[in-house]
Amino acid sequence: MGTFFEQFHKDAKCRARTGVIHLPHGDVKTPVFMPVGTNATVKAITKDDLEEIGFEIILANTYHLYLRPGSDLIEEAGGLHGFSKWKRNFLTDSGGFQVFSLAKLRKITEKGVTFQSHVDGSRHLFTPESVVDTQTQFNSDIQMQLDVCTGWNTERKEAEKALSITSDWAKRAKARWEEKRDAGYKGMLFPIVQGNFFKDLRDKSADFVASLETPGLAIGGLSVGEPPEVYEELLAYTAARLPEDRAKYVMGIGTPDYILQAVENGIDMFDCVLPTRNARNGSYFTHDGFLSIKQERFMHDYAPIDKECNCKVCRTYTRAYLRHLYKDQEILSAMLASYHNLYFLHNMIGEIREAISEDRFTEYKENFLRRFRAGDIK
């Protein structure tokens with residue numbers, strides 16, 4: 001299999017680290033934020049713009065693509081890369097979280113999960129093996145195991161059952177993945193740590209997932225409705241249990257404060273829909289917090305969104321014009337805001353890597369958050 005993850009430098013004051021992930025469609029520098037392209041497209045932004053910003057990997061969703069347009073069609077088109085013409089890396093999630101969200105339309109058993117399509121009401125079965133097969137058809141560079149996600153305030157008995165099923169599914173997924181690798185598939189598999197918010201279950205899951213000796217692993221079951229302080233505590237606790245020689249991925253985080261907490265705990269990868277979702281709702285990331293462009297005070301404001309941002313949106317357009325686009329519901333509003341927010345996070349990650357390499361991540365985090373949380377946008 002060769003070396004999948006290499007650590008370059010660990011900050012002298014915390015667990016933050018830089019490294020590189022070697023993937024079939026190019027190396028990925030870490031830490032890395034992955035834009036979410038649910039339907040093999042990041043909403044309101046082109047693949048050319050993503051390349052221009054500098055992204056090396058994006059995420060697509062197995063559940064949605066399985067239902068429409070279907071894995072057979074995507075395979076026929078040359079996998080996700082041939083279908084979308086995005087030539088860099090794809091990580092595909094298993095669809096487990098989407099099925100978890102369909103509580104009234106699904107049934108989980110040891111075999112797999114039966115669910116009803118939100119598209120046309122048809123019924124389907126996901127098993128650990130079939131989800132590996134589907135992601136192999138996608139030619140995913142990193143694929144995730146099928147897991148059972150539980151929410152905040154789940155009772156212990158339910159959490160224990162979910163963990164038992166998830167662990168069994170991880171073994172089955174790995175066995176099928178190894179068959180696909182033997183047949184020529186080059187993508188990687190990540191199992192997922194679960195256990196809800198019970199530390200002993202997290203211990204058990206982390207030890208089991210590490211024993212599978214996959215190239216990387218993910219921490220699941222966080223950012224599911226818990227208070228921020230609980231998220232921070234369980235993230236730190238779980239991350240500390242994981243082996244240092246694997247790439248570590250926390251699923252579903254995308255705000256600067258959550259990203260910085262993750263990096264501080266040695267996490268290498270993260271993703272979230274928030275930057276583009278916020279963009280479509282007129283909310284911009286800036287060094288001084290979130291800026292809501294819909295506010296009337298920006299009507300005559302001819303400054304850029306963020307004077308310290310060098311993206312083409314900030315170099316070209318004013319707050320007054322961007323507010324006009326949003327208020328008139330112009331499509332360009334979502335496109336420009338999405339570009340800016342993704343550029344902002346990508347640039348922030350670059351600054352984080354530089355700070356780690358110079359053993360000053362802690363100072364960077366404190367200074368960034370002090371200003372970002374103040375929200376003093378003028």
Side-chain angles (χ1 to χ4, degrees), residues 1 4-5 20-98 126 130-146 173 176-177 180-181 184-192 214-218 220 247-252 254 268-273 275-276 338 342 345-346 349:
M1 185 181 302
F4 170 71
F5 172 74
V20 63
I21 301 171
H22 301 293
L23 288 173
H25 289 86
D27 288 352
V28 176
K29 296 182 290 293
T30 63
V32 60
F33 174 78
M34 301 178 288
V36 175
T38 299
N39 293 304
T41 176
V42 179
K43 291 187 184 302
I45 189 167
T46 68
K47 68 174 185 62
D48 300 312
D49 279 342
L50 292 171
E51 291 175 1
E52 179 179 278
I53 293 171
F55 287 106
E56 297 164 337
I57 183 169
I58 63 175
L59 183 145
N61 184 271
T62 296
Y63 167 83
H64 289 282
L65 292 171
Y66 164 83
L67 290 177
R68 190 169 53 194
S71 54
D72 289 343
L73 187 149
I74 291 174
E75 182 180 33
E76 176 184 287
L80 287 172
H81 304 86
F83 190 47
S84 69
K85 303 306 179 186
W86 169 254
K87 298 304 183 183
R88 301 185 185 182
N89 296 286
F90 271 105
L91 182 149
T92 50
D93 61 17
S94 68
F97 182 80
Q98 284 68 39
F126 272 0
S130 73
V131 167
V132 168
D133 293 346
T134 296
Q135 293 178 93
T136 302
Q137 287 184 285
F138 294 163
N139 196 28
S140 305
D141 298 282
I142 299 175
Q143 60 169 272
M144 308 303 298
Q145 73 149 115
L146 182 66
R176 180 58 66 92
W177 170 68
K180 297 297 182 181
R181 294 278 296 183
Y185 170 62
K186 298 184 184 302
M188 305 297 175
L189 172 74
F190 280 21
I192 302 173
T214 53
L217 39 83
K248 303 172 190 177
Y249 168 31
V250 171
M251 309 168 75
D268 308 295
M269 308 165 64
F270 14 84
D271 76 278
C272 193
V273 299
T276 49
S338 296
L342 290 174
L345 280 188
H346 182 75
I349 296 297

Walk me through it: do Asp268 and Phe5 pass the test side-chain contact (heavy atoms from CB on, under 4.5 Å)? CA-CA 10 Å; Asp268 308 295; Phe5 172 74; 3.8 Å; yes
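- Taking the side chain as every heavy atom from C-beta outward, Arg68 and His64 never approach each other to under 4.5 Å.
- Between Leu23 atom CG and Phe90 atom CZ the span is 13.0 Å, to the nearest 0.5 Å.
- Using a 4.5 Å heavy-atom threshold, the side chains of Ile45 and Leu50 count as touching.
- Considering CE of Met34 and CD1 of Ile58, their distance stands at 10.5 Å, rounded to 0.5 Å.
- For Cys272 against Gly252, the heavy-atom pair with the smallest separation is SG-O, 4.1 Å.
- When all heavy atoms are compared, the tightest approach of Phe33 to Pro275 is CZ-CG, 3.7 Å.
- There is a side-chain donor-acceptor pair under 3.5 Å between Gln135 and Thr92.
- The CG atom of Asn39 lies 7.5 Å from the CG atom of Asn61; values are rounded to the nearest 0.5 Å.
- Closest of all the heavy-atom pairs between Phe4 and Ala247 is CE2-CB, 3.8 Å.
- Side chains of Gln143 and Tyr185: a donor on one and an acceptor on the other come within 3.5 Å.
- Tested against Glu56 for a side-chain hydrogen bond (donor to acceptor under 3.5 Å, both in side chains), the candidates Arg88, His25, Lys29 yield a single pass: Lys29.
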Give the C-alpha distance, both sets of side-chain angles, the deciding distance and a yes or no for side-chain contact (heavy atoms from CB on, under 4.5 Å) between Glu75 and Phe83. CA-CA 8 Å; Glu75 182 180 33; Phe83 190 47; over 6 Å; no
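- Across Ile74 and Pro69, no two heavy atoms sit closer than the pair CG1-CG, 4.0 Å.
- Counting only heavy atoms from C-beta outward, the side chains of Phe97 and Met251 never approach each other to under 4.5 Å.
- The heavy-atom pair separating Leu189 from Gln145 by the smallest distance is CD1-N, 3.9 Å.
- With Val36 as reference, Leu59 is the one residue of Asp93, Thr276, Leu59 to meet the side-chain contact (heavy atoms from CB on, under 4.5 Å) rule.
- Side-chain contact between Val42 and Ser338 is absent, with no heavy-atom pair separated by less than 4.5 Å.
- Nearest heavy atom pair, residue Pro191 against residue Gly216, reads CD-O, 3.3 Å.
- Residues Leu65 and Thr134 are not in side-chain contact: their nearest non-hydrogen atoms beyond the backbone lie 4.5 Å or more apart.
- Taken to the nearest 0.5 Å, the CZ atom of Phe55 stands 11.0 Å off from the CG atom of Asp49.
- In this structure the side chain of Leu91 reaches within 4.5 angstrom of the side chain of Ile57, judged on heavy atoms.
- Atom CD1 in Ile21 sits 11.0 Å away from atom OH in Tyr249 (nearest 0.5 Å).
- One side chain, Gln137 or Asp72, offers a donor N or O that lies under 3.5 Å from an acceptor on the other.
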Under the criterion side-chain contact (heavy atoms from CB on, under 4.5 Å), I'd like the reasoning laid out for Ile349 against His346: C-alpha separation, chi angles, the key distance, then a yes or no. CA-CA 5 Å; Ile349 296 297; His346 182 75; 5.6 Å; no
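- Put simply, the side chain of Trp177 gets close to the backbone of Gly187: a donor and an acceptor are under 3.5 Å apart.
- Contact check for Val250 versus Met269: no side-chain heavy atoms found under the 4.5 Å cut-off.
- Here the two rings, on Tyr66 and Phe126, have centers that are under 6.0 Å apart.
- Side-chain N/O atoms of Asp141 and His81 include a donor and acceptor closer than 3.5 Å.
- Side-chain atoms of Thr41 never come within 3.5 Å of backbone atoms of Lys43 as a donor-acceptor pair (strictly under, hydrogens ignored).
- Side-chain contact between Thr214 and Met188: absent, with no pair of heavy atoms (C-beta onward) separated by less than 4.5 Å.
- For the atom pair OG (Ser140) and NZ (Lys186), the distance works out to 15.0 Å, reported to the nearest 0.5 Å.
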